[in-house]
**Student:** 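Please find one structure pasted underneath; my questions will follow.
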Amino acid sequence: MINVTLKGGVVKEFENGTTVLEIAKSLGAGLYKAACGCKVNGKQVDLRTPLEEDCEVEILTFDSAEGKENFRHTCSHVLAQAVKRLFPETKLAIGPSIDNGFYYDFDSDVTFTPEVLEQIEKEMKKIVKEALVLEKFELEPDEAIALMESRNEPYKVELIKEHANKGEKISFYRQGEFEELCAGPHIPDTGRIKAFKLTSCTGAYWRGDSKNKMLQRIYGTAFTKASELEAYLQMIEEAKKRDHRKLGKELGLFMLLDEGPGFPFFLPKGMLLRNTLIDYWRQVHKKYGYVEISTPMMLNRSLWERSGHWDHYKENMYTTVIDDTDFAIKPMNCPGGMLVYKSQPHSYRDLPLRMGELGLVHRHELSGALHGLFRVRCFTQDDAHIFMTWEQMKDEIKNVVKLFDEVYSVFGLTYQIEVSTMPEDHMGDIKDWEFATETLKKAIEEMGKDYVINEGDGAFYGPKLDFHLSDCLGRTWQCGTIQLDMQLPERFELEYTGADNEKHRPVMIHRVVLGSIERFIGVITEHFAGAFPVWLAPEQVRITPIADRHQEAAFALKKKLEEAGIERVEVDTRSEKLGYKLRESQLAKVPYTLVIGDKEAENGCVSVRKRGVGDIGSYSTEDFEAMIKNDIATKAIW
């Protein structure tokens with residue numbers, strides 16, 4: 001007999017050789033049906049793995065990240081099996097699970113049109129109905145290669161050969177007639193996949209290399225309940241309506257052209273939105289004690305060597321030669337900030353010194369990675385560098401988090417914090433890394449905030465906090481970052497004079513709150529579906545005169561509102577019917593549309609239509625002015 005420690009520290013006895021799946025069944029039919037995987041002594045293994053000694057067992061369900069991964073990875077196997085049944089000559093590449101779903105890459109002469117995807121879905125449903133058991137088996141490398149060569153699977157052969165020299169057996173999974181190269185783990189059988197959907201098909205180079213053959217990648221998603229799948233598909237449809245690239249074009253905010261891939265063009269309304277966002281950024285940073293600087297866009301190679309970017313980041317930098325000297329367009333603002341600090345002596349009385357910068361940076365992104373405003377090659381980073389003593393570190397982190405709280409709440413965004421720890425290619429002493437990482441944790445713990453650990457994903461110069469924002473659809477966006485850095489102050493020999501009249505090295509925080517102006521505009525465009533709050537809207541009020549004789553009153557009202565500080569007001573003077581103009585204003589997502597006819601012109605009032613509500617009645621111009629001013633002052637979201 002062996003002792004198995006289960007959830008909550010409960011210890012139960014089982015016969016030697018009992019599988020985790022059998023343990024789940026003994027604990028209840030519900031857990032048995034919900035089991036998507038397991039961990040034995042903290043390591044993921046197959047549910048059918050026999051237990052030979054005392055151990056700790058965690059049974060994973062779809063509620064866990066690992067359970068979802070196993071479930072959806074199995075669905076990718078079902079997809080591959082269905083394709084092979086329908087189109088036997090198809091060659092298989094890879095099929096992992098991904099966030100919110102899975103995909104599989106195929107080399108096939110058949111074009112996977114929407115009609116073909118429907119065929120494949122039907123075959124997948126048959127496989128699910130067959131409830132095929134997934135069985136793991138292992139082969140020696142030579143046997144594995146021979147098996148895949150006999151099946152005419154060149155991509156699998158290539159993958160096996162890469163592992164053949166490691167002296168390990170090659171793992172496969174079998175479900176019915178289908179055998180797939182895979183390390184696993186998987187759910188017990190295909191019958192557990194009750195709700196799935198193939199969502200799209202795109203092209204994808206084998207191994208992501210444009211020198212290789214273009215394959216067809218089928219995307220899909222899967223859930224344990226049909227209701228969850230339906231809710232997800234509805235969210236996807238809503239996300240399509242909110243796509244910032246679509247709304248950016250419809251609302252005249254920005255454009256992306258072939259003449260500048262990854263280099264967005266901002267249009268007049270987009271600039272109004274952008275500048276309003278920047279004005280708010282400046283207000284809140286002044287409130288929190290920041291000064292603003294600006295550093296050159298291009299600096300010479302010696303600076304980037306000194307900062308470490310030339311060695312660690314050069315492949316992402318745009319470089320040129322001026323007067324026989326190598327220069328680079330800045331991918332980050334940090335080194336310029338170091339030079340600003342170094343330009344004059346500092347005392348401990350000057351610290352903490354908080355320097356903000358709206359710096360235009362350029363990074364070479366692969367063309368396939370570009371995506372609207374979310375992934376571009378030039379963007380304005382709302383950077384700040386805070387120079388401080390070691391003793392001030394924790395309080396400064398808290399101060400930054402308070403600023404983040406204030407900014408994100410204005411947009412109705414919540415967040416989750418992720419602590420990213422030391423990567424393999426780190427710079428500096430491990431003890432400094434440990435101290436910095438613990439300081440980050442303690443600061444947010446003392447503020448009563450939760451966090452998750454992201455092992456090894458820190459910057460090469462220090463650990464960091466990443467803030468993952470959640471929008472109204474529950475999607476997450478990584479925007480804010482707080483990075484501790486002990487390396488750049490050392491490399492640039494930054495100093496301050498302490499109370500002991502001796503020279504000391506400051507510690508530095510890199511931080512962004514919006515991430516980049518461009519990307520944040522993309523995020524809030526989708527979050528608000530283009531219906532921006534009044535304070536942020538490129539057009540706050542549209543005045544619609546019913547007839548030409550009402551235009552004089554319309555322009556007089558426009559002038560009055562502008563003099564009151566409501567600057568983004570337009571008058572619709574087109575010779576169109578009122579209904580048409582009102583629909584146009586609605587499509588343009590203007591917060592307030594004011595109608596002026598004979599009665600309004602005579603009485604000095606306006607008929608007010610509020611976005612998302614409709615006609616809210618007649619208001620005096622003074623009352624309307626007070627109402628919209630309150631919306632702007634409170635940054636109301638409605």
Side-chain angles (χ1 to χ4, degrees), residues 242-257 263-286 292 358 360 372-374 376 378-382 407 410-413 479 513-544 554-555 557-574 581 584-594 609-612 624-625 627-638:
R242 292 168 177 262
D243 191 315
H244 73 284
R245 295 166 298 181
K246 172 177 172 287
L247 290 172
K249 183 177 182 180
E250 291 174 356
L251 301 177
L253 302 178
F254 64 88
M255 60 184 184
L256 301 160
L257 302 178
F263 300 95
F265 291 70
F266 275 85
L267 305 176
K269 286 188 176 180
M271 284 303 296
L272 285 170
L273 172 65
R274 180 189 177 101
N275 288 335
T276 303
L277 188 62
I278 288 173
D279 288 344
Y280 170 66
W281 184 93
R282 288 194 165 113
Q283 289 167 13
V284 78
H285 281 75
K286 183 178 180 181
E292 187 175 353
L358 293 164
L360 184 63
L373 297 181
F374 292 159
V376 291
C378 76
F379 55 92
T380 304
Q381 197 164 42
D382 68 312
V407 172
V410 162
F411 299 94
L413 297 165
C479 292
V513 55
L514 306 182
S516 85
I517 300 298
E518 291 77 5
R519 188 166 188 269
F520 195 76
I521 287 173
V523 170
I524 60 174
T525 298
E526 298 201 0
H527 177 58
F528 292 120
F532 298 106
V534 181
W535 73 274
L536 197 55
E539 185 180 350
Q540 297 167 318
V541 180
R542 183 173 294 187
I543 303 172
T544 306
F555 279 104
L557 176 58
K558 171 182 165 71
K559 183 179 179 181
K560 183 177 181 181
L561 291 174
E562 289 174 341
E563 288 174 347
I566 304 157
E567 299 177 348
R568 302 193 288 278
V569 183
E570 300 292 336
V571 177
D572 189 344
T573 59
R574 295 176 299 169
K581 291 200 281 188
E584 288 281 291
S585 185
Q586 183 181 1
L587 290 172
K589 303 182 186 294
V590 180
Y592 286 108
T593 303
L594 309 182
R609 279 170 167 76
K610 187 174 181 179
R611 184 185 62 206
F624 173 73
E625 182 183 311
M627 180 169 64
I628 191 172
K629 276 187 171 182
N630 182 67
D631 285 339
I632 294 169
T634 61
K635 294 183 170 56
I637 297 174
W638 44 263

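Only a predicted model underlies this, so the values are computations on that prediction, with no experimental measurement involved.
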**Student:** Just to verify, which of Asp243, Leu247, Leu373 counts as forming a side-chain contact (heavy atoms from CB on, under 4.5 Å) with Thr525?
**Tutor:**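 Single side-chain contact (heavy atoms from CB on, under 4.5 Å) partner of Thr525 among Asp243, Leu247, Leu373: Leu247.
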**Student:** The test is side-chain contact (heavy atoms from CB on, under 4.5 Å); show your working for Glu526 and Phe374 and say whether it passes.
**Tutor:** CA-CA 11 Å; Glu526 298 201 0; Phe374 292 159; 3.7 Å; yes
**Student:** Would you say the side chain of His527 lies within less than 4.5 Å of the side chain of Leu413, judging by non-hydrogen atoms?
**Tutor:** yes
**Student:** If I take atom CG from residue Leu561 and atom CD1 from residue Ile628, how far apart are they, to the nearest 0.5 angstrom?
**Tutor:**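 Going from the CG atom of Leu561 to the CD1 atom of Ile628 covers 7.0 Å.
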**Student:** Counting only heavy atoms from other residues, nucleotides and ligands, does the tally under 6.0 Å from CD of Glu584 exceed 12?
**Tutor:**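 More than 12 within 6.0 Å, yes.
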**Student:** Specify whether Trp535 and Phe411 have parallel, tilted or perpendicular ring planes, treating 30° as the upper limit for parallel and 60° as the lower limit for perpendicular.
**Tutor:** tilted
**Student:** To the nearest 0.5 Å, what is the distance between CD (Gln381) and OG (Ser516)?
**Tutor:** 7.5 Å
**Student:** Donor-acceptor pair, Glu539 side chain versus Val590 backbone, under 3.5 Å?
**Tutor:**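 No; judged by distance alone, with no hydrogens or angles, the pair does not exist.
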**Student:** Ile524 and Leu536: side-chain contact (heavy atoms from CB on, under 4.5 Å), yes or no, with the steps?
**Tutor:** CA-CA 10 Å; Ile524 60 174; Leu536 197 55; 3.7 Å; yes
**Student:** Side-chain contact, heavy-atom cut-off 4.5 Å: Ile543 with Asp572?
**Tutor:**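 Ile543 does not reach Asp572 side chain to side chain.
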**Student:** So which heavy atom on Gln540 is nearest to which on Pro591, and how close?
**Tutor:** O-CD, 3.5 Å
**Student:** Would you say Leu360 and Phe379 make side-chain contact, with heavy atoms under 4.5 Å?
**Tutor:** no
**Student:** Just how far is it from atom OG1 of Thr593 to atom NZ of Lys610, taken to the nearest 0.5 Å?
**Tutor:** 12.5 Å
**Student:** Can you name the closest pair of heavy atoms from Ala588 and Arg542 and give their distance?
**Tutor:** CB-NH2, 3.7 Å
**Student:** Below 4.5 Å, heavy atoms only, C-beta onward: do Arg611 and Lys589 meet side chain to side chain?
**Tutor:**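 Counting from C-beta outward, Arg611 and Lys589 do come under 4.5 Å.
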**Student:** Hey, what do you get for CD (Glu518) to CZ (Phe254), rounding to the nearest 0.5 Å?
**Tutor:** 10.5 Å
**Student:** Would you mind reporting whether Pro538 and Leu253 have side-chain heavy atoms less than 4.5 Å apart?
**Tutor:** yes
**Student:** For the side chain of Asp631 and the backbone of Val534, is there at least one donor-acceptor N/O pair under 3.5 Å apart?
**Tutor:**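 Flag not set: sc Asp631 to bb Val534 has no pair under 3.5 Å.
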**Student:** Output the distance between atom CG (Leu272) and atom CG (Leu277), rounded to the nearest 0.5 Å.
**Tutor:** 12.5 Å
**Student:** Working to the nearest 0.5 angstrom, can you tell me the gap between Asn630 CG and Lys635 NZ?
**Tutor:**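 Result: 12.0 Å between the selected atoms.
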**Student:** Would you call Phe528 and Arg242 a side-chain contact if the rule is heavy atoms closer than 4.5 Å?
**Tutor:** no
**Student:** Would the distance check show the side chain of Asp382 and the main-chain N or O of Gly515 forming a donor-acceptor pair, the cut-off being under 3.5 Å?
**Tutor:** yes
**Student:** For the residue pair Pro533 and Ile637, what are the closest heavy atoms and their distance?
**Tutor:**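 Where Pro533 meets Ile637 most closely, the heavy atoms are CG-CG1, 4.3 Å.
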**Student:** Under 6.0 Å from the CD atom of Glu567, do we count more than 12 heavy atoms belonging to anything else shown?
**Tutor:**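 No, not enclosed.
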**Student:** Look at the rings of Phe624 and Tyr592 and say which category their plane angle falls in: under 30° parallel, 30 to 60° tilted, over 60° perpendicular.
**Tutor:**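 Ring orientation, 0 to 90° scale: perpendicular.
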**Student:** Cationic tip of Lys286 within the cone over Trp281's six-membered ring, i.e. under 6.0 Å and within 45° of the normal?
**Tutor:** no
**Student:** With side chains defined as the heavy atoms from C-beta onward, is the minimum distance between Leu256 and Phe265 less than 4.5 Å?
**Tutor:**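 Heavy-atom side-chain distance check fails, nothing below 4.5 Å.
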**Student:** Hey, are the side chains of Lys249 and Met255 touching, using non-hydrogen atoms and a 4.5 Å cut-off?
**Tutor:**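 With C-beta onward as the side chain, the pair stays apart.
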**Student:** Working note: Glu292 + Arg282, criterion side-chain contact (heavy atoms from CB on, under 4.5 Å); need CA distance, chi angles, decisive distance, verdict.
**Tutor:** CA-CA 8 Å; Glu292 187 175 353; Arg282 288 194 165 113; 2.7 Å; yes
**Student:** Lys560 and Glu625: side-chain contact (heavy atoms from CB on, under 4.5 Å), yes or no, with the steps?
**Tutor:** CA-CA 9 Å; Lys560 183 177 181 181; Glu625 182 183 311; 4.1 Å; yes
**Student:** Under 3.5 Å, is there a donor-acceptor pair linking the side chains of Thr380 and Arg274?
**Tutor:** yes
